[in-house]
Amino acid sequence: VMLVRTPKVYISNYFIQLDKYKPDYIHATLQLSEQKAGQKVRIEIPELKIASEVQTDGQGMAKISFCAKKLERWSPQKPKLYQVTVSTATDHVKENIGFRNLSVKGTKIYLNDTPVFMKGISFHEEIAQRQGRAFSEQDAVALLSEAKELGANLVRLAHYPQNEYTVRLAERMGFLLWEEIPIWQGIDFKNTATREKAGRMIKEMVMRDKNRCSVAFWGIANETATSAPRNEFLKHMKQCCLDIDSTRLITAAFDLVRFNRESRNFEMNDSIINILDMVAINKYMGWYHDWPLAPDQAVWNVAPGKPLFISEFGGEALYGKHGDAEVKSSWSEDYQAQLYKDNLEMFKHIPNLRGTSPWILFDFRSPFRFHPHQGGEWNRKGLVSDQGQRKKAWYIMRDYYNQKKKEQ
């Protein structure tokens, strides 16, 4: 239980961010708990020599925009944060906030006017070694440090909002973030109560983290089947985000890409992608799907004209187990390593590819996966074992991301 003591009139909400396109123009929206006009609110960013005062309207809200000269924008390479103070006669809040521009042009994603390739990774909110929830700042350090060693510049916090220690540390360490709520597969999209609950969940997530400049994507779904009710549901999820924050990119992950034997292409037919800023694909070639042709012959024709992101791929292996690199059921590091090599070869033939994120960084517990050859109730898709040992595939991804760094 957390008890928060506030003044009678307190700062109940604030949203301070850089303009979506302008590199030196900051917008601030401030809300006081008392819905009364004429209350003075002051915003200061000392390092930028900014100190402005504004008065609330009849709803207790104040809005102001101002030019910030010599502003250094946040990026994974230089995760610059500024101390920002919001104060009234009775209350004040100090916060470290970064500023950056993020947009889509054609098939490219631009961060601060520069195209970015997202070198991603996912992890659960879990510390595998102790088989418990990740909940502390030390846990956040453990998870994100391994992601940093891999060479990642983006973390997909799958498949639910993770604790604020992780979000805030990721920002300080220079990670872009994809945050999502668990809208997955068997959701009853026709149910009004379900849609309203999902809307509340995604609004809570956006409200909590809207000031975190590292958050690049709001994820509105994962692996959902095409239907008219589903489409309306996801449109509602998008609007719930936009009602609060119109600057982030909206995405969703799909598992609907299929190989067309006539065209010899990988394709996807789903109209909902038209509402997304970036289309993400979960595709486990070599694991759940056999290769219909050699990886270097695989051509993708998916979401042309939009940025495409491979949000999940990979396969399972037990650390230290060796076997035939061609036999899926070997559960070996050798097979997993070859699977990664094959997928990376396939990615070369995706013209609008703007990032990848293997599933997953660490092995994690999964009670439905009792298997005698992989150690019981574990999903072994991790690049790192439950005891922190790096598998062969980890080094393959590390080298791939290091090469991408050189290309950029």
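Throughout, residue positions are numbered sequentially from 1 according to the sequence presented. All of these numbers come straight from a predicted model, not from anything done at the bench.
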Listed by chain and number, what are the ring pair (Phe, Tyr, Trp, His ring centres under 6.0 Å) partners of Y25, not counting sequence neighbours?
H27
Nearest 0.5 Å, what's the CG-CG distance between D113 and L102?
11.0 Å
Value rounded to 0.5 Å, distance of OG in S227 from CD1 in I272
9.5 Å
To check you understand the geometry: which heavy-atom pair defines the closest contact between M285 and P292, and what is its length?
CE-CD, 3.7 Å
Show your reasoning for whether side-chain contact (heavy atoms from CB on, under 4.5 Å) applies to I202 and I220.
CA-CA 8 Å; I202 206 162; I220 61 174; 3.9 Å; yes
Side chains of S214 and F175 in contact at under 4.5 Å (non-hydrogen atoms)
no
May I ask you to decide whether K392 forms a salt bridge with E333, counting only side-chain N to carboxylate O separations under 4.0 Å?
no
Hey, does I310 have a side-chain heavy atom less than 4.5 Å from the side chain of W300?
yes
Only pairs at least two apart or in different chains count here, so list each side chain to side chain donor-acceptor pair (under 3.5 Å) that has a residue in residues 39-50.
E47-K80
Tell me which one of Y340, W287, Y288, Y284 satisfies ring pair (Phe, Tyr, Trp, His ring centres under 6.0 Å) with F313.
Y340
Run the salt-bridge test on R156 and E180 with the 4.0 Å N-O cut-off and return the result as yes or no.
yes
Who passes ring pair (Phe, Tyr, Trp, His ring centres under 6.0 Å) against F309, sequence neighbours left out?
W178
Give every residue pair that meets the salt bridge (Lys or Arg N to Asp or Glu O under 4.0 Å) criterion with at least one member in residues 273-288, sequence neighbours excluded.
none
Taking atom types as modelled and ignoring hydrogens, do the side chains of E146 and W394 form a donor-acceptor contact shorter than 3.5 angstrom?
yes
Show the nearest heavy-atom pair for residues K328 and G286, with the distance to one decimal.
CE-O, 3.5 Å
Can a salt bridge be assigned to the pair K63 and D57 using a cut-off of 4.0 Å between side-chain N and carboxylate O?
no
Could you check whether K197 and N191, counting side-chain N and O atoms only, form a donor-acceptor pair closer than 3.5 Å?
no
Do NZ/NE/NH1/NH2 and the carboxylate oxygens of E171 and R168 come within less than 4.0 Å?
no
Would you call S75 and K78 a side-chain contact if the rule is heavy atoms closer than 4.5 Å?
yes
Indicate yes or no for a side-chain donor-acceptor contact from N163 to the backbone of A134 under 3.5 Å, with no hydrogens or angles considered.
yes
If the plane angle is over 60° it's perpendicular, under 30° parallel, otherwise tilted; pick one for Y82 and F99.
tilted
Are the side chains of F66 and L48 in contact, using a 4.5 Å heavy-atom criterion?
no
Side chains of Q239 and D243 only: does a donor on one sit below 3.5 Å from an acceptor on the other?
yes
Could you tell me whether E179 and R212 make a salt bridge, using a distance below 4.0 angstrom between a side-chain N and a carboxylate O?
no
Work out which heavy atom in L383 is nearest to a heavy atom in A393; give both atom names and the distance.
CD2-CB, 3.7 Å
Applying the side chain to side chain contact (heavy atoms under 4.5 Å, CB included) test to P161, which of D209, I181, V206 qualifies?
I181
Could you pull out the closest heavy-atom pair between N101 and D19, with the gap in Å?
ND2-O, 2.6 Å
I'd like to know if the side chain of K20 reaches the main chain of T247, judged simply by a donor and an acceptor atom lying under 3.5 Å from each other, with no hydrogens or angles considered.
yes
For a quick test of reading the model, state the closest non-hydrogen atom pair linking S311 to A280 and the distance between them.
OG-CB, 3.4 Å
Show which side-chain atoms of residues 349-365 pair as donor or acceptor with protein atoms under 3.5 Å away, not counting sequence neighbours.
from, atom 1, to, atom 2, distance (Å)
H349, NE2, D296, O, 3.1
N352, ND2, V302, O, 3.0
N352, ND2, A303, O, 3.0
N352, ND2, K306, O, 2.9
R354, NE, T107, O, 2.7
R354, NH2, T107, OG1, 3.1
T356, OG1, Y401, OH, 3.0
S357, OG, I121, N, 3.2
S357, OG, S122, OG, 3.4
D363, OD1, G382, N, 2.9
D363, OD1, K391, NZ, 2.9
D363, OD2, R380, NH1, 3.1
D363, OD2, K391, NZ, 3.3
R365, NH1, Q131, O, 3.3

Is there a donor-acceptor contact under 3.5 Å linking the side chains of Q31 and N13?
no
Could you grab the distance from atom CG of L169 to atom CD of Q138, nearest 0.5 Å is fine?
10.5 Å
For a side chain to side chain contact (heavy atoms under 4.5 Å, CB included) with L256, tell me which candidate from E223, M268, E267 qualifies.
M268
Partners passing salt bridge (charged side-chain N to carboxylate O under 4.0 Å, His left out) against K341 (at least two apart in sequence or in another chain)
none
When rounded to the nearest 0.5 Å, the distance separating CD of Q185 from CG of D255 is 6.0 Å
Between OG1 on residue T166 and CE on residue M173, distance to nearest 0.5 Å:
10.5 Å
Of all heavy-atom pairs between I281 and V279, which one has the smallest distance, and what is that distance?
CD1-CG1, 4.1 Å
For I43 and V54, run side-chain contact (heavy atoms from CB on, under 4.5 Å): C-alpha distance rounded to whole Å, both residues' side-chain angles, the deciding distance at 0.1 Å, then the answer.
CA-CA 8 Å; I43 180 169; V54 63; 5.9 Å; no
Under a 4.5 Å cut-off applied to non-hydrogen side-chain atoms, are M346 and D342 in contact?
no
